[in-house]
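Each remark here refers to the structure printed beneath this line.
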Number of protein chains: 2
Amino acid sequence: MPTSTFHNLDESKRKQIFDACVDEFASHTFSEASINQIIKAANISRGSFYQYFADKEDCYMYLLTEMVKEKMVMFKDVVATNDNDTVFDEYEAMFDKAILWIEKKPQYYQIGVKMDMDNSEFIRKLLKGNLASLDYFATLIRRDQQRGIIRMDIVPEILTEMLFSINQKALMNFFYNRDFEGMKKHLRHILEIIRKGSTTEENHV
Amino acid sequence: MPTSTFHNLDESKRKQIFDACVDEFASHTFSEASINQIIKAANISRGSFYQYFADKEDCYMYLLTEMVKEKMVMFKDVVATNDNDTVFDEYEAMFDKAILWIEKKPQYYQIGVKMDMDNSEFIRKLLKGNLASLDYFATLIRRDQQRGIIRMDIVPEILTEMLFSINQKALMNFFYNRDFEGMKKHLRHILEIIRKGSTTEENHV
DNA sequence: CCTCGATATGACAACCCTGTCACATTTAGT
DNA sequence: ACTAAATGTGACAGGGTTGTCATATCGAGG
């Protein structure tokens with residue numbers, strides 16, 4: 001919750017400050033990030049910073065809400081899913097969206113990575129609220145079990161966990177290599193294994 | 001490479017210092033770890049610390065080599081594998097060893113976790129050399145492909161990557177919950193999916 | 001008992017960081 | 001043009017960190 005003073009600022013100055021925050025929090029964890037660096041990059045005085053934000057946490061929350069806003073604007077029309085889609089199709093669609101996002105705003109992705117790396121009280125609390133999409137996928141898996149697509153003996157939460165940990169690794173990979181086609185092939189191979197297994201038919205006993 | 005002065009110390013004093021290092025590096029990343037905390041816990045003076053170690057890096061390297069020594073002693077006899085074992089059997093065996101290790105030395109595991117969280121130049125270099133066991137598993141997978149156990153169209157490196165990212169998550173989980181039986185069941189379910197897939201037979205087209 | 005090399009010590013310099021506050025400057029309204 | 005409120009500023013206090021170094025203490029051999 002930045003102060004009213006901050007909201008009254010020129011669009012351009014606000015952007016200056018926002019960009020400085022992005023730079024700092026993309027290259028350092030929350031704990032490591034330095035207000036000194038932010039004010040230097042944003043070309044404002046120490047006093048001003050504290051006139052805009054209560055403290056570093058306040059500043060970080062501002063950054064996150066701005067990012068969420070931008071993300072919502074960007075993806076507001078990318079939602080349509082086909083009724084015949086399986087959970088795997090939706091998973092791939094989600095992955096594509098994430099890739100698009102990383103390409104557009106690599107720094108935002110980095111901020112997320114740094115966030116996972118921090119384990120201050122403050123950041124741990126923030127991350128707690130982040131588990132909703134796991135439930136969503138578990139629901140999709142249950143749906144596909146009812147449809148006869150996924151084996152009934154599969155535990156939805158465990159399959160979800162697999163999909164997500166793979167997703168995380170794949171995105172990290174993409175971020176460092178920027179090889180979209182390679183990454184997609186890689187991911188499809190993984191999904192193929194998760195769908196049909198890695199052993200030969202004779203060994204499916 | 002601690003100094004000769006350090007090596008000449010009483011066993012007990014050396015252990016005192018070692019333990020203080022373990023405590024500090026298990027609860028902080030390398031970058032966050034504070035020499036001040038270590039000397040306080042070890043009950044030595046600032047000057048002594050620098051008489052024993054060149055700097056924090058030196059101290060950390062000492063810690064790691066001691067840990068590796070202990071690990072080698074502990075696992076020197078746990079190697080025997082059966083000729084009929086598949087890569088999955090060896091994977092489970094490796095997992096069990098890791099669990100044993102965590103139970104014996106939880107702090108060492110924490111040091112590893114903190115290590116992954118740090119991305120200082122120094123730590124990144126250290127982690128680079130850590131990828132040998134990935135090759136080993138890829139080799140096992142190739143062997144099992146020749147034996148007709150694993151499908152020939154599987155890319156060994158990708159399957160390896162899946163096994164390792166799952167391993168990492170599972171160990172983390174065990175560390176926090178200490179539910180060995182639950183964790184084993186969980187892991188077997190995941191391996192079942194990787195072996196035979198998650199979809200019903202009709203969908204294996 | 002004395003001396004000399006090995007070892008222990010903590011004060012110190014130099015560099016980070018945050019949050020505050022008295023003061024300077026700008027802006028808006030009369 | 002003048003005043004009052006809003007905004008900008010950087011010095012400062014108080015806290016952290018690391019690595020050094022002059023000095024003190026210890027211990028073994030002469």
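Order of the sequence lines fixes the chain letters, A, B, ..., with proteins taken first and strands second; residue numbering starts at 1 for each chain. Worth saying up front: this structure is predicted, and the values here are computed from it rather than measured.
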### Message
What is the distance, to the nearest angstrom, from the CG atom on Asp58(A) to the C1' atom on dT18(C)?
### Response
15 Å
### Task
Measure from CZ on Phe6(A) to C1' on dG8(D) and round the result to the nearest Å.
15 Å
### Message
I'd like to compare against my own output: the B/S/- annotation of nucleotides 10-25 of chain D with a strict under-4.0 Å heavy-atom distance to protein.
### Response
BB-----SBBBB----
#### Entry: is_close_aromatic(Trp101(A), Tyr109(A)), centroid dist under 6.0 Å
no
### Task
Determine: side-chain N/O of Asn8(B) to OP1/OP2 of dT7(C), distance under 4.0 Å, yes or no.
yes
### Query
Between Arg142(B) and Glu157(B), is there a side-chain N and carboxylate O pair less than 4.0 Å apart?
yes
### Message
For Tyr52(B), give me all partners under ring-ring contact (aromatic ring centres under 6.0 Å, His included), at least two apart in sequence or on another chain.
### Response
Phe6(B)
#### Entry: Euclidean distance, atom CZ of residue Phe53(A) to atom C1' of dG8(D) [Å, nearest integer]
15 Å
### Query
Once you round it to whole Å, what is the distance between P of dA6(D) and NZ of Lys13(A)?
17 Å
### Query
What integer distance in Å separates Ile39(B):CD1 from dG10(C):P?
9 Å
### Query
What pairs with Tyr60(A) under ring-ring contact (aromatic ring centres under 6.0 Å, His included), at least two apart in sequence or on another chain?
Phe25(A), Phe30(A)
### Query
Is Asp10(A) paired with Arg14(A) through a side-chain N to carboxylate O contact shorter than 4.0 Å?
no
### Query
Which whole-number value in Å describes the distance from His7(B) NE2 to dT7(C) C1'?
16 Å
### Query
Rounded to whole angstrom units, what separation is found between the CG atom of Asp10(B) and the P atom of dC26(D)?
15 Å
### Task
Could you encode protein contacts along nucleotides 23-30 of chain C as a string, one character per nucleotide from 5' to 3', using B for base contact, S for sugar-phosphate-only contact and - for no contact, with a heavy-atom cut-off of under 4.0 Å?
--------
### Message
Test of understanding: with salt bridge (Lys or Arg N to Asp or Glu O under 4.0 Å), list the residues that count as partners of Asp116(A), not counting sequence neighbours.
### Response
none
### Message
Could you tell me if Arg178(A) sits above the aromatic ring of Phe175(A), with its cationic atom closer than 6.0 Å to the ring centre and no more than 45 degrees from the axis?
### Response
yes
### Query
Taking only residues two or more places apart in sequence or in another chain, which ones pass salt bridge (Lys or Arg N to Asp or Glu O under 4.0 Å) with Asp96(A)?
Lys184(A)
### Query
Ignoring hydrogens and geometry, is there a side-chain-to-backbone donor-acceptor pair from Asp144(A) to Thr86(A) under 3.5 Å?
no
